[in-house]
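One structure is given here, and the rest of the page talks about it.
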Amino acid sequence: MTLKMLRQTLLCLCLVATPAGAQRKTVNLNSNWTFRFSHQVDKNSGRRVDLPHTWNTTDALAGRCDYKRGIGNYTKRLHVPENWHGKRLFVRFDGANSVADLFVNGCHVGSHRGGYSAFVFEITDRVRYGADNQLLVRVNNAEQLDVMPLVGDFNFYGGIYRDVQLLVTERVCISPLDHASPGVYLHQRRVTADEASVEAEVLVSGTGSGEQGLTARIEVCDGQRTVATGSREVSTTGEDSTQRVMLPVTIAKPHLWDGTADPFMYRAKVSLWQAGRLVDEVEQPLGLRFFRVDPERGFFLNGRHLPLHGVCRHQDRPEIGNALSNTHHREDVAIIREMGANAIRLSHYPHAPEMYRLLDEAGIVAWSEIPFVGPGGYADKGFVDSEAFRDNGRQQLREMIRQLYNHPCICFWGLFNELKTEGDNPVPYLRELNDMAHQEDASRITTCASNQDGDINWVTDIGAWNRYDGWYGASPASLAAFLDRTHEQHPNRCIGISEYGAGASIYHQQDSLSQPVPNSWWHPENWQTYYHIQNWDIIAARPYVWGTFVWNMFDFGAAHRTEGDRPGVNDKGLVTFDRKTRKDAFYFYKANWNPEPMLHIAGKRCVATTREELELMVFTNCASVQFWLNGQEVGEVRTGQHGIARKTLRLQSGANTIKVTAKGQGRTLADTYEIIYHKNNE
């Protein structure tokens with residue numbers, strides 16, 4: 001079999017996998033690209049790569065601040081069958097960082113500026129049918145003053161790091177060209193426990209291509225059962241155009257999307273028909289819910305108070321950078337649910353489409369934000385008051401909202417993180433973005449993550465602050481003072497905590513508690529544990545805090561950092577960068593947020609001490625804990641506030657074995673700990 005025949009066979013296999021009856025075909029284009037840097041002009045310098053791909057897996061993750069930021073070239077042969085004449089062809093990129101230009105057969109098709117949103121180019125009139133075609137994508141992650149983000153405490157990995165697909169449709173189709181949205185917007189006009197009124201806005205493209213008798217339909221399904229339908233004829237024009245068709249439906253006694261308690265979703269199938277023939281179909285999730293935020297009592301979902309116990313997440317891992325597969329996203333969501341978190345802040349940019357799908361299914365309330373990012377504690381600024389930069393921010397906000405509009409998990413649109421107001425002041429522009437977010441989507445709440453004082457905190461609907469009391473100086477007590485003062489001064493403002501956290505290395509252990517220097521090479525794990533216990537004690541006592549988000553769920557790459565146990569890593573995660581080890585603070589939150597019985601001894605990685613008396617701390621959601629030391633039962637302790645059982649044990653010289661047990665929901669749990677006691681004079 002020739003290479004050309006093999007490509008055609010593989011393409012046919014991809015097409016066979018399309019849903020029966022649907023005329024739209026989706027072909028995955030991730031495999032068999034050739035990559036070279038733009039400075040590698042030798043014809044033989046290219047190498048085969050598969051997508052997702054980034055070229056910064058070794059330099060950025062090794063802590064090199066000068067990691068490669070420039071242009072990478074990706075080329076691929078695409079065979080277009082002769083029988084696709086009369087169809088429409090689109091190439092969809094789920095993400096490429098940060099400027100991407102597409103060429104087909106050497107001719108420029110289009111450019112996209114922004115590294116975290118999807119984008120689509122139509123190539124119908126650019127390809128040769130019945131022949132091989134060449135796709136060239138030039139991706140540039142260099143620093144540019146007209147593309148968000150300008151700065152950030154994370155790595156700006158370059159490459160086509162998310163999936164690429166070829167869409168093949170009829171001449172008239174549900175448009176994929178509205179800022180890479182699905183072409184369907186499910187407007188939840190009114191939702192109660194008794195009735196839900198939904199209006200599907202459908203963008204029908206190509207209605208001037210001579211098609212007659214077109215009908216748009218919506219079918220809302222609960223599994224295999226249809227619960228609501230609607231249809232409307234589509235008008236055609238004498239020129240190529242896109243029509244907006246509104247399809248209202250009503251669902252009596254709707255089954256609501258109710259967070260992690262019951263993340264139920266309907267399936268909304270929107271289709272185009274002509275003379276009884278299916279022309280195109282798009283399926284979207286429909287999770288019916290209503291929510292609000294109260295300045296005194298926090299977040300409410302479907303009329304029920306729901307404290308948002310959240311985490312933040314960056315999209316990278318060691319060795320692969322941000323080129324994550326769906327398996328990686330699934331693992332992350334599973335770990336988040338294991339800990340019991342019910343909310344997430346997707347920092348500091350839109351994440352992969354698969355991530356939002358998983359959050360929908362898990363019932364995790366999401367805050368999705370544009371990459372309007374300030375410098376934090378570093379140099380430079382996140383805002384340049386130029387029309388080009390402002391245009392790019394508008395574009396990225398519009399893309400985020402339109403692409404993610406139908407996901408029930410999203411309740412908040414985030415507009416910025418840690419911007420500063422010195423010099424070019426972003427506040428007037430933020431007001432514009434806030435108005436724009438409401439014009440695009442009146443159903444959701446805007447928010448922000450601030451570390452400043454002043455007017456910047458009062459632009460969005462609700463506010464949140466990044467606080468590191470007890471890590472970057474001060475003590476956890478200053479968090480309590482800040483929250484109470486802000487709430488007293490602004491009683492009608494909804495106040496949240498968008499970040500709080502402390503660094504920790506699982507290799508840095510100490511048998512006493514002392515506050516480390518944040519930018520040092522010593523990040524003891526027990527201080528992170530202490531930090532979170534103290535901060536959570538303050539947060540849990542203040543119901544007016546609408547949501548809190550731990551920084552961070554996972555360690556992540558930041559090439560400029562020189563601290564902890566290695567350069568290039570921000571180690572504030574509750575789980576290590578490779579996802580293999582849960583830190584003690586993870587189990588503290590699990591004891592508080594996950595009702596499934598659990599038991600964990602804190603500090604087990606500290607395997608030696610010079611202290612005869614060991615103050616043992618156990619995290620559990622069981623009523624009491626039984627303690628054993630060197631095979632002898634030494635007492636039972638009732639679990640105290642926030643799932644902590646404490647007991648002081650007197651160690652013998654040399655090796656000591658500690659065991660704890662607890663009972664919960666008919667199960668007996670156990671955990672053990674080995675520690676060596678060395679007397680100071682030994």
Side-chain angles (χ1 to χ4, degrees), residues 24 26 88-102 109-124 137 139 146-149 160-167 169 173-187 200-207 240-246 268 270 280 282-285 346 349-357 366 368-372 387-407 410 413-415 432-444 446:
R24 175 178 297 217
T26 302
R88 296 177 69 181
L89 279 63
F90 307 87
V91 180
R92 176 188 168 91
F93 297 81
D94 284 347
N97 199 30
S98 59
V99 176
D101 285 83
L102 174 65
V109 174
S111 179
H112 180 264
R113 304 178 73 79
Y116 304 99
S117 299
F119 52 98
V120 175
F121 296 119
E122 182 166 8
I123 61 171
T124 304
V137 188
V139 183
D146 62 347
V147 179
M148 289 182 179
I160 307 178
Y161 70 96
R162 291 182 185 160
D163 293 344
V164 178
Q165 298 171 326
L166 177 70
L167 308 179
T169 72
C173 64
I174 298 171
S175 177
L177 293 174
D178 188 30
H179 298 279
S181 78
V184 173
Y185 301 99
L186 302 174
H187 302 293
E201 180 181 0
V202 187
L203 304 186
V204 183
S205 177
T207 53
D240 191 18
S241 64
T242 297
Q243 301 293 320
R244 293 181 181 268
V245 182
M246 308 303 290
V270 177
D280 198 9
V282 170
E283 184 173 305
Q284 289 289 288
L346 297 163
Y349 38 75
H351 286 221
E354 178 69 4
M355 191 67 186
Y356 294 94
R357 189 190 69 79
S368 184
E369 62 192 34
I370 57 172
F372 199 1
E387 188 57 31
F389 180 87
R390 293 193 299 269
D391 276 347
N392 185 255
R394 298 180 192 109
Q395 168 207 313
Q396 293 202 50
L397 178 60
R398 185 176 293 111
E399 288 173 340
M400 178 179 72
I401 294 176
R402 294 193 187 184
Q403 291 171 22
L404 304 176
Y405 189 89
N406 297 327
H407 287 284
I410 300 174
W413 298 125
L415 298 189
E432 178 189 343
L433 292 181
N434 192 62
D435 290 342
M436 179 180 167
H438 289 309
Q439 291 165 7
E440 289 285 330
D441 180 8
S443 69
R444 289 184 173 93
T446 61

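Heavy atoms only: backbone and side chains are in, while hydrogens, waters and symmetry mates are out.
With values rounded to the nearest 0.5 angstrom, Ile174 atom CD1 is found 12.0 Å from Leu167 atom CG. Note that the CG atom of Leu397 and the CG atom of Leu433 stand 6.0 Å from one another [nearest 0.5 Å]. Atom CG in Asn434 sits 5.5 Å away from atom CG in Leu415 (nearest 0.5 Å). Taking CZ from Arg24 and CD from Glu283, the interatomic distance works out to 12.5 Å, rounded to the nearest 0.5 Å. Summarising the geometry, atom CG belonging to Asp163 is positioned 9.5 Å from atom CZ belonging to Arg92; distances are rounded to the nearest 0.5 Å. Note that OG of Ser443 and NE2 of His187 are 9.0 Å apart. Values are rounded to the nearest 0.5 Å.
Annotation for Ala437 and Thr446: closest pair CB-CG2, 3.8 Å, computed over non-hydrogen atoms. Contact between His407 and Pro285 at its shortest, heavy atoms only, is ND1-CG, 4.4 Å. Residue Asn406 comes nearest to Leu186 through the heavy atom pair OD1-N, 2.8 Å, listed as atom of the first residue, atom of the second, then distance. The nearest pair of heavy atoms linking Glu369 to Leu346 is CG-O, 3.6 Å. Residues Pro350 and Ile370 come closest through the heavy atom pair CD-CA, 4.4 Å. A pairwise comparison of heavy atoms in Gly115 and Tyr161 identifies O-OH, 2.6 Å as the closest pair.
Here the side chains of Val91 and Val120 are not in contact, with every heavy-atom distance at 4.5 Å or above. Within the 4.5 Å cutoff, the side chain of Val137 has heavy atoms near those of the Ile160 side chain. Side-chain atoms of Leu203 and Thr242, non-hydrogen and from C-beta on, do get closer than 4.5 Å to each other. Side chains of Asn97 and Val139 form no contact here, defined as non-hydrogen atoms less than 4.5 Å apart. In this structure, Arg244 and Val202 have side chains that are not in contact, with every pair of non-hydrogen atoms separated by 4.5 Å or more. Between Val204 and Ser175, the closest side-chain pair of non-hydrogen atoms is not below 4.5 Å.
No side-chain donor from either of Thr169 and Asp280 sits under 3.5 Å from a side-chain acceptor of the other. Side-chain atoms of Arg88 and Ser205 include a donor-acceptor pair closer than 3.5 Å.
Taking the centre of each ring, Tyr116 and His351 stay at or above the 6.0 Å mark. Checked against the 6.0 Å centroid threshold, Phe372 and Phe389 count as a close aromatic pair.
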Self-check item: Leu177 and Glu122: CA distance, side-chain angles, deciding distance, side-chain contact (heavy atoms from CB on, under 4.5 Å) verdict
Solution: CA-CA 8 Å; Leu177 293 174; Glu122 182 166 8; 3.7 Å; yes

Practice problem: In sequence, state the C-alpha distance, the side-chain angles, and the governing distance for Val164 and Asp94, and then conclude on side-chain contact (heavy atoms from CB on, under 4.5 Å). | Solution: CA-CA 6 Å; Val164 178; Asp94 284 347; over 6 Å; no

Exercise. Show your working on side-chain contact (heavy atoms from CB on, under 4.5 Å) between Glu432 and Asp435 and close with a plain yes or no.
Key: CA-CA 5 Å; Glu432 178 189 343; Asp435 290 342; 5.8 Å; no

Exercise. Evaluate ring pair (Phe, Tyr, Trp, His ring centres under 6.0 Å) for Phe121 paired with His112, printing each intermediate quantity in order.
Key: CA-CA 9 Å; Phe121 296 119; His112 180 264; 7.7 Å; no

Self-check item: Val184 and Val270: CA distance, side-chain angles, deciding distance, side-chain contact (heavy atoms from CB on, under 4.5 Å) verdict
Solution: CA-CA 8 Å; Val184 173; Val270 177; 3.8 Å; yes

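For Gln403, the side chain to side chain contact (heavy atoms under 4.5 Å, CB included) partners at least two apart in sequence or on another chain are Ser117, Ala118, Ala180, Glu399. In this structure Glu387 satisfies the side chain to side chain contact (heavy atoms under 4.5 Å, CB included) test together with Arg390, Asp391, Arg394, sequence neighbours excluded.
Within the structure, every pair that satisfies the salt bridge (charged side-chain N to carboxylate O under 4.0 Å, His left out) test and touches residues 175-187, not counting sequence neighbours, is listed here: Asp178-Arg402.
Under a 3.5 Å cut-off, the side chain of Arg398 and the backbone N or O of His179 do not form any donor-acceptor pair.
Ring pair Tyr185/Tyr405 is perpendicular by interplanar angle, where above 60° counts as perpendicular and below 30° as parallel.
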